[in-house]
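The block underneath contains the structure these notes are about, expressed in structure tokens.
Index from 1, following the sequence. Everything numeric in this text was worked out from a predicted model, so none of it was measured.
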Amino acid sequence: MSYDEVSDRDLVAVVTFLEMHARPQVEVPPSPLKLRRIEDPEPGAYRELFASIGSRWLWFSRLVMADGDLSAIIQDPKVELFSVEDEAGRAVGMLELDYRQPGECELSFVGVLPELSGQGHGRWLLAEAVDRAWRDGVRRVHVHTCTLDHPAALSAYRRAGFTPYKRAIERFPDPRLIGALPRDCAPQIPLLGTLA
């Protein structure tokens with residue numbers, strides 16, 4: 001075993017890549033939530049939804065992208081973005097499916113607000129994601145998660161039928177120190193560095 005020192009300004013995560021090559025026999029459980037397709041998403045509204053769902057887990061990649069780069073992804077006709085809505089029509093989650101690679105679908109982002117965790121909503125959303133991902137011409141559905149995500153994420157993907165096939169180490173600047181997220185996000189991950 002060895003230890004590699006990490007700067008106080010950086011974070012490191014173990015990323016697990018998972019895939020499936022056939023539609024699993026999984027039934028979508030009932031839910032009071034529903035999915036609504038977002039047509040022609042705007043970067044500002046997208047970032048707001050993204051941050052509300054992912055800031056607890058330090059999701060920041062889309063927050064630091066230039067508007068043009070983000071728009072090129074989320075407005076691509078081969079990328080489908082859905083808002084998860086509660087019974088009052090309030091956005092409480094998101095699902096992003098990326099079909100830009102021929103024959104493949106990536107579950108780019110799947111999540112609900114942290115306060116909805118542990119209530120079965122994630123299981124419903126993941127089942128919806130897998131069901132929608134498989135369509136004519138798709139031969140592989142894939143996703144990745146990391147050790148900074150919800151602790152149940154990896155096991156949830158495996159229960160949904162995904163098989164891990166690769167791991168990698170990801171090192172990146174702490175998004176709380178570069179101003180991408182507030183300093184009080186993700187209290188479960190110690191903030192060691194300073195803004196100066």
Only one of Trp59, Tyr157, Trp57 passes side chain to side chain donor-acceptor pair (under 3.5 Å) with Asp149, and that residue is Trp59
How far does CG of Leu81 sit from OG of Ser83, to the nearest 0.5 angstrom? 8.0 Å
Does Arg135 make a cation-pi contact with Tyr99 (under 6.0 Å, within 45 degrees of the axis)? yes
Nearest heavy-atom approach of Trp134 to Pro24 is NE1-CD, 3.9 Å
Identify the heavy atoms of Ala160 and Val26 that sit nearest to each other, and give their distance. O-CG2, 4.0 Å
Which atom names give the shortest non-hydrogen contact between Ala180 and Leu63, and what distance separates them? O-CD1, 3.5 Å
Closest non-hydrogen atoms of Leu58 and Leu181, given as atom of the first, atom of the second and distance, are CA-CD1, 3.8 Å
Side chain to side chain donor-acceptor pair (under 3.5 Å) with Arg140: which of Glu19, His21, Gln101? Glu19
Is the centre of the Phe60 ring less than 6.0 Å from the centre of the Phe172 ring? yes
Starting from Tyr165, walk the hydrophobic network (Ile, Leu, Val, Met, Phe, Trp, Tyr; side-chain heavy atoms closer than 4.5 Å) and list everyone else you reach, by chain and number. Val15, Phe17
Is the closest basic N to carboxylate O distance between Lys78 and Asp76 below 4.0 Å? no
With Arg132 as the cation and Phe82 as the aromatic partner, state whether NZ or CZ is under 6.0 Å from the six-membered ring centre and within 45° of the axis. yes
Side-chain ion pair, Arg23 and Asp131, N-O less than 4.0 Å: yes
Holding to salt bridge (charged side-chain N to carboxylate O under 4.0 Å, His left out), I want the full list of residues that pass it with Arg36, two or more places apart in sequence or in another chain. Glu85
Search all heavy atoms of Asp10 against all heavy atoms of Pro173 and return the closest pair with its distance. OD1-CA, 3.5 Å
Ser71 versus Asp67, side-chain donor and acceptor atoms under 3.5 Å: no
With a 3.5 Å distance limit and no angle check, can you tell me whether Glu106 reaches the backbone of Glu96 through a side-chain donor-acceptor pair? no
Can you tell whether the side chains of Arg123 and Glu128 come within less than 4.0 Å, N to carboxylate O? no
